[in-house]
Amino acid sequence: MKKLYYFALINLFISSILSIRFFLVPEASFNWPSVAFSIFAVLGHFFSAYLLLLVVCIPLLWFKQVIRNIILAAIFSFIQIGLYIDTIVFQQYRFHVNQSVLSMVLSGQVVDFSIITYFLMFTLIVVVFCTEYFILYLLNNKLTSLHKNSRIVLLSTIFLFSSFLISHVVHMIAFYYAYSPIMVVKEYIPLYRPFTSKKIMNFFDEKGQRKVVYNKDNSNASVDYPKNPLVINPENKKTKNIMFIVLDSWRYDTFSEEISPNTFRFVKQNNGVIFDNHYSTGNATRTGIFGLFYGIPGTYWDSFLRNSVPSLFITTLQKENYNIGIFTSAKVTAPEFDRTAFVTIKNLRISSKDGSASNRDKQITDDWLAWYKLRDTSRPTFSFLFYDAPHAYDFPDDFSVKFKPIGDLNYMTLSNDTDPLPIFNRYKQSVYYDDYLLQNIYDELVESGSLDNTILIITGDHAQEMNDNKLGFWGHNGNYTDAQTKVPFIIIGGKELESLKNNSAKITSHEDVVPTLMKHYLYVKNDISDYSTGYDLFNPITDRNWLLMSNYSSYAVRTSDNIYLVNRLGISHYMDLHNREVDEVPNYQYIQEAMNHMRYFSQSGKNSLINKNN
């Protein structure tokens with residue numbers, strides 16, 4: 001057992017040395033706190049990983065020594081070679097190797113290996129295996145001298161365990177206070193999941209002094225966003241009001257004359273452009289709202305959160321002297337939009353008062369009306385209203401029930417055999433209630449005379465499944481089918497929107513909102529690829545073959561026929577549009593293009609995206 005432990009310790013230090021390569025990528029910048037934390041984090045992380053591997057290898061102690069050594073050398077060789085390959089992948093893509101990457105590389109569609117490459121790989125395998133076997137040989141023959149140095153081993157173990165504890169505690173504190181130089185380290189270490197707990201930190205911070213410090217000159221940022229400084233409205237053109245109305249969990253098929261009559265009528269009366277095939281950038285609020293405000297994939301969420309990188313759309317509005325009103329029913333701190341998209345907004349409205357979702361929705365409506373009436377009309381205005389009732393299937397007790405029969409929602413009892421009608425009716429009733437509240441917003445825009453000078457976008461952050469695919473999925477964050485990702489999307493804003501109709505039947509995404517607004521309404525002169533991976537909706541979309549979507553721990557590439565899912569473990573599944581696996585080979589060219597989008601703002605240098613917006 002001691003030999004096995006010593007062998008694991010030796011490999012731990014080898015892995016730690018190899019991991020230095022992760023931190024040597026171009027443009028990586030660390031201060032002394034982040035360097036010190038990186039040392040503790042790497043050692044602590046590999047200590048826990050190798051302890052787990054040690055437990056798995058214990059049964060090998062009953063094997064004959066030669067066989068045991070061969071197996072151990074093979075296992076640990078595989079780990080070290082895999083780690084080395086991961087450093088290469090990370091330098092190229094800025095994310096770690098997973099089964100999806102391996103499938104893409106080995107498919108033969110994207111990468112062709114030369115004979116020399118195969119020879120070098122074979123040589124590497126042989127050399128590493130022989131090295132591992134030689135280490136085991138020395139341990140078997142030098143164990144007596146190792147006993148004399150057991151104190152060194154004990155101190156090393158104490159230090160490694162302390163590193164594990166220190167790294168997790170420090171990260172928990174850094175995450176609470178949004179200290180980017182510490183949080184950013186997570187990106188560089190494979191399979192590293194440091195501890196976070198707002199509840200524990202709140203115990204020590206009873207007065208709630210948690211602060212988010214936005215550093216405009218964050219030299220530790222691991223993102224290259226924008227690619228070039230923005231040139232904003234050089235001709236000083238007059239800008240319009242911009243408004244986002246977003247319903248949490250709004251399904252595309254509940255934007256109708258029956259379920260949302262006020263919005264439906266308002267859109268028709270004001271020549272709104274309805275997009276029939278619009279998708280969120282995710283099946284969860286975090287990535288759906290992120291894509292809406294950044295115009296880039298939600299897969300960037302973690303790195304942008306760790307670096308407190310604001311939305312360029314919001315900072316452009318601020319530079320153009322907009323009144324900015326953020327009105328969210330649920331807390332803007334969960335997910336942490338106060339530390340991402342809205343981090344530069346002072347005195348940010350954090351949440352509505354406690355209460356049911358429907359009560360909070362009424363409050364944001366009332367609060368917006370009061371704020372809008374008192375706004376500085378000499379300046380343009382941006383409003384964001386984020387309703388929550390459909391997410392909670394909620395409406396007031398005294399609100400007339402239109403959809404019957406109506407049932408209560410209990411996630412504990414939901415199954416594939418549950419009748420969806422009563423639950424769907426409750427959901428539709430909640431949409432109907434928010435639509436009732438929205439009439440107040442529409443009336444104010446008309447009565448104040450500001451509608452003609454306002455670009456209004458009405459949409460959802462993601463959809464909500466009612467077991468549409470007959471696979472037992474309810475709600476969201478479960479799959480990337482239409483039932484969880486396809487949302488209503490409407491733009492209202494005057495006669496100049498006529499050309500948008502060219503794309504109303506095309507596949508569009510939340511990624512397209514920011515580039516469209518920045519280019520045509522905030523008059524940003526940069527190429528769209530400087531700050532977004534989306535499309536300009538005023539130009540006909542002719543070359544969109546896939547959409548990239550994500551949630552808290554997975555991502556998917558959706559084509560017109562299939563969904564390529566990569567789960568939280570990096571394992572890929574190829575499915576049809578109803579989430580059933582198919583025995584086909586994906587188009588890995590599309591997967592590579594999606595991965596290029598996922599790494600595009602993590603690498604400095606020239607733009608590498610296909611210029612689709614000229």
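All residue numbers refer to positions in the sequence shown, counting from 1. Since the structure is predicted, the reported quantities are computational estimates derived from the model, not experimental observations.
Partners of Asp367 under the salt bridge (Lys or Arg N to Asp or Glu O under 4.0 Å) rule, at least two apart in sequence or in another chain, are Arg349. Partners of Tyr480 by ring pair (Phe, Tyr, Trp, His ring centres under 6.0 Å), not counting sequence neighbours: none found. For Arg286, there are no side-chain hydrogen bond (donor to acceptor under 3.5 Å, both in side chains) partners two or more places apart in sequence or in a different chain. A search for ring pair (Phe, Tyr, Trp, His ring centres under 6.0 Å) contacts involving Phe244 returns Phe293, Phe313, Phe382, not counting sequence neighbours. For Arg558, the salt bridge (Lys or Arg N to Asp or Glu O under 4.0 Å) criterion is met by Asp482, not counting sequence neighbours.
Side chains of Leu136 and Leu72 form a contact here, defined as non-hydrogen atoms less than 4.5 Å apart. You'll find the side chain of Ile324 reaches within 4.5 Å of the side chain of Leu317, heavy atoms only. No side-chain heavy atom of Val557 sits less than 4.5 Å from a side-chain heavy atom of Met549. When side chains are defined from C-beta on, Ser167 counts as touching Tyr192, because their heavy atoms get closer than 4.5 Å. Considering only heavy atoms from C-beta on, Phe22 stays 4.5 Å or farther from Ile189 through its side chain. Residues Val246 and Phe386 are in side-chain contact: their nearest non-hydrogen atoms beyond the backbone lie under 4.5 Å apart. With contacts defined as side-chain heavy-atom distances shorter than 4.5 Å, the pair His510/Phe290 does not qualify.
A centroid separation of 6.0 Å or more is found between the aromatic rings of Tyr300 and Tyr600. Remark: aromatic rings of Phe76 and Phe7 are close, center separation under 6.0 Å. Checked against the 6.0 Å centroid threshold, Phe327 and Trp371 count as a close aromatic pair. For an aromatic pair to be called close, the ring centres must be under 6.0 Å apart, and Tyr294 with Phe304 satisfies this.
Arg339 places no side-chain N or O within donor-acceptor distance of the main-chain N or O of Leu305, the cut-off being under 3.5 Å. Judged by distance alone, with hydrogens and angles left aside, the side-chain atoms of Tyr5 form no donor-acceptor pair with the main-chain N or O of Leu54 at under 3.5 Å. Between the side chain of Ser280 and the backbone N or O of Asp461 there is at least one donor-acceptor pair closer than 3.5 Å. Side chain of Gln484 to main chain of Gly478: a donor-acceptor pair is present (N/O by atom type, distance under 3.5 Å, no hydrogens or angles). The backbone N or O of Val231 sits less than 3.5 Å from a side-chain atom of Asn526, completing a donor-acceptor pair. Counting only distance, with no hydrogens or angles, the side chain of Thr340 and the backbone of Glu336 share a donor-acceptor pair below 3.5 Å. Looking at Asp527, its side chain does come within 3.5 Å of a backbone N or O of Ser529 through a donor-acceptor pair. One N or O on the side chain of Asn307 and one on the backbone of Ser303 form a donor-acceptor pair closer than 3.5 Å. Between the side chain of Ser602 and the backbone N or O of Val223, no donor-acceptor pair lies under 3.5 Å.
The shortest heavy-atom contact between Tyr531 and Tyr225 is O-CE1, 3.5 Å.
Counted by atom type alone, Asn31 and Ser34 present one or more donor-acceptor pairs between their side chains at under 3.5 Å. For the residue pair Arg360 / Ser352, no side-chain donor-acceptor distance below 3.5 Å is found, with atom types taken as modelled. Side-chain contact of His476 with Asn551: a donor-acceptor pair under 3.5 Å is absent, judged by distance alone. Residues Asn11 and Glu132 have side chains that bring a donor and an acceptor to within less than 3.5 angstrom of each other. No hydrogens or angles considered: nothing links the side chains of Tyr535 and Thr516 as a donor-acceptor pair under 3.5 Å. A donor atom on one side chain and an acceptor atom on the other are not found under 3.5 Å apart for Glu511 and Ser532. With no hydrogens or angles considered, a side-chain donor-acceptor pair links Thr381 and Asn323 at under 3.5 Å.
By the neighbour-count criterion of 12 heavy atoms within 6.0 Å, atom NZ of Lys331 is sparsely surrounded, having that number or fewer from other residues, nucleotides or ligands.
Note on ring orientation: taking the six-membered ring where Trp is involved, the planes of Phe384 and Phe342 are tilted (angle from 30° to 60°).
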Donor-acceptor pairs are to be reported for all side-chain atoms of residues 158-165 against protein atoms at under 3.5 Å, with residues two or more places apart or in another chain.
| residue | atom | partner | partner atom | Å |
| --- | --- | --- | --- | --- |
| Ser162 | OG | Ile158 | O | 2.8 |
| Ser163 | OG | Phe159 | O | 2.8 |

For this session: Decide yes or no on side-chain hydrogen bond (donor to acceptor under 3.5 Å, both in side chains) for Ser15 and Tyr50, but give the supporting numbers first.
Result: CA-CA 10 Å; Ser15 296; Tyr50 275 104; 2.6 Å; yes

